[in-house]
Amino acid sequence: MAEKDERYYKAYMEHKTISRRGLFRAFTSGTKKASVGVSSATLSSRSLSSEVSPADQDLVTELVEASQIVRVVARPPGALDEVLFQKICTGCAECESACPEKIIHVAGELAQLEVDYGYCSMCGECQKACPTGALHAKKPHDTELRPSFNTSCQNRLYGECELCAEQCPNQAISIAALSLPKLEQAKCDGCSRCKQACPFSVITMDLYSSH
């Protein structure tokens, strides 16, 4: 996952997507952090917008310096960058209740996706229900999951199977005779419809950022 600089975090503060008080409370909760390799000296040499208060500037600095947490489980579509998500999601389960597909669950006090037995319709109901801004409506509707096709694929072995491609709403999967399906990463939103469409269970969904 690409590292975020102070402009990324400032944008949320300036547009009041996330409350400063809520973020400060989250910082005191002991969330695990990992360095992003940005020094205080580097940040202090940069000009922060006058629209951000001094306290918010301190928070932006702390966000950039403190964390680039690696996402290891899928989050609902619209989830913020993992460092912010872990600090802002309260595990309230409002998104879980709002999901018509019933694929959102709260585990470890954080919302996550479980697509083993369902798919994401990208309806946006989870984002509407989120009271904290951890799921953001302006973020691309992308679960960050991507399908992998194993060598037992029926089209590769015998041909004439295009079920995964037929169910892809974004036409991100292409099929050639006696070959594994090919994915166009930029078109895929990780909905998992392809996985559910495959009767042979040869598709797994993996986080794209971990590839």
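Throughout, residue positions are numbered sequentially from 1 according to the sequence presented.
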Q. In terms of hydrophobic clusters joined by side-chain contacts under 4.5 Å, are Phe200 and Ile173 together?
A. yes
Q) Which pair of heavy atoms, one from Gly124 and one from His141, lies closest together, and at what distance? A) CA-CE1, 4.1 Å
(Q) Donor-acceptor pair, distance only, cut-off 3.5 Å: does the side chain of Arg75 make one with the backbone of Ala111? (A) yes
Q. Hey, is NZ on Lys182 packed in by over 12 heavy atoms from elsewhere, all under 6.0 Å?
A. no
Q: Mark yes when over 12 heavy atoms from residues, nucleotides or ligands other than Glu109 sit less than 6.0 Å from its CD; otherwise mark no.
A: no
Q: Show your reasoning for whether side-chain contact (heavy atoms from CB on, under 4.5 Å) applies to Leu135 and Phe85.
A: CA-CA 8 Å; Leu135 303 180; Phe85 184 85; 3.8 Å; yes
Q: Can you see which heavy atom on Cys153 is nearest to which on Pro181, and at what distance?
A: SG-CD, 3.6 Å
**Q.** Beyond-backbone contact of Ile103 with Cys120, side-chain heavy atoms, under 4.5 angstrom
**A.** yes
Q: Considering non-hydrogen atoms only, spot the tightest contact between Ile104 and Glu96 and give its length.
A: O-CG, 3.0 Å
Q.
For a 4.5 angstrom cut-off between non-hydrogen side-chain atoms, does Arg193 reach Ser121?
A. yes
Q. Would one find more than 12 heavy atoms of other residues, nucleotides or ligands at under 6.0 Å from atom CD of Gln171?
A. no
Q: May I ask you to decide if Ala172's main-chain N or O and Asn170's side chain share a donor-acceptor pair within less than 3.5 Å?
A: no
Q. How long is the span from the OG atom in Ser174 to the CD atom in Glu162, to the nearest 0.5 Å?
A. 10.0 Å
Q. Is there side-chain contact between Cys191 and Met122, with at least one heavy-atom pair below 4.5 Å?
A. yes
Q.
Is any side-chain heavy atom of Asp116 closer than 4.5 Å to one of Lys195?
A. yes
Q) Tell me, do Tyr119 and Cys194 make a side-chain contact under 4.5 Å, heavy atoms counted? A) no
Q) Is there a donor-acceptor contact under 3.5 Å from the side chain of Arg146 to the main chain of Leu207? A) no
Q.
Under a 3.5 Å distance rule, please check whether Gln196 uses its side chain to pair with a backbone N or O of Val115 as donor and acceptor.
A. yes
Q.
As a quick check of understanding, evaluate side-chain contact (heavy atoms from CB on, under 4.5 Å) for Thr143 and Asp189, giving each step before the final call.
A. CA-CA 6 Å; Thr143 68; Asp189 60 12; over 6 Å; no
Q. Counting only N and O atoms by type, is there a donor-acceptor contact under 3.5 Å from the side chain of Arg156 to the main-chain atoms of Thr151?
A. yes
Q: For the pair Ser179 (side chain) and Ala177 (backbone), establish whether a donor and an acceptor sit closer than 3.5 Å, ignoring hydrogens and angles.
A: yes
Q) So do the side chains of Cys164 and Pro147 get within less than 4.5 Å of each other, counting heavy atoms only? A) no
Q. Which pair of non-hydrogen atoms, one from Ile203 and one from Cys198, has the smallest distance, and what is that distance?
A. CD1-CB, 3.9 Å
Q) Quick one: do Leu163 and Val202 end up in the same hydrophobic cluster if we chain Ile, Leu, Val, Met, Phe, Trp and Tyr together by side-chain heavy atoms under 4.5 Å apart? A) no
Q) Same cluster or not: are Val73 and Val70 linked, directly or through other Ile, Leu, Val, Met, Phe, Trp or Tyr residues, by side-chain heavy atoms under 4.5 angstrom apart? A) yes
Q. To the nearest 0.5 Å, how far apart are NE2 in His105 and SG in Cys95?
A. 10.5 Å
Q.
Just so I know, are the side chains of Pro77 and Cys126 near enough to count as touching, which here means a heavy-atom distance under 4.5 Å?
A. yes
Q.
For the backbone of Gly190 and the side chain of Glu144, can you confirm whether one donor and one acceptor N or O come within less than 3.5 Å of each other?
A. no
Q | Close side-chain approach of His136 and Gln127, heavy atoms under 4.5 Å | A | no
Q.
Please determine whether residues Ile175 and Leu180 belong to a single hydrophobic cluster, defined as Ile, Leu, Val, Met, Phe, Trp and Tyr linked transitively by side-chain heavy-atom distances below 4.5 Å.
A. yes
Q | Least distance between heavy atoms, Arg71 atom then Ala79 atom | A | NH2-CB, 3.9 Å
(Q) Could you check whether any side-chain N or O of Asn155 sits under 3.5 Å from a backbone N or O of Ala176, counting only pairs where one atom can act as donor and the other as acceptor? (A) yes
Q: Locate the shortest heavy-atom distance separating Cys161 from Gln154; write the atom from each residue and the value.
A: CB-CB, 4.3 Å
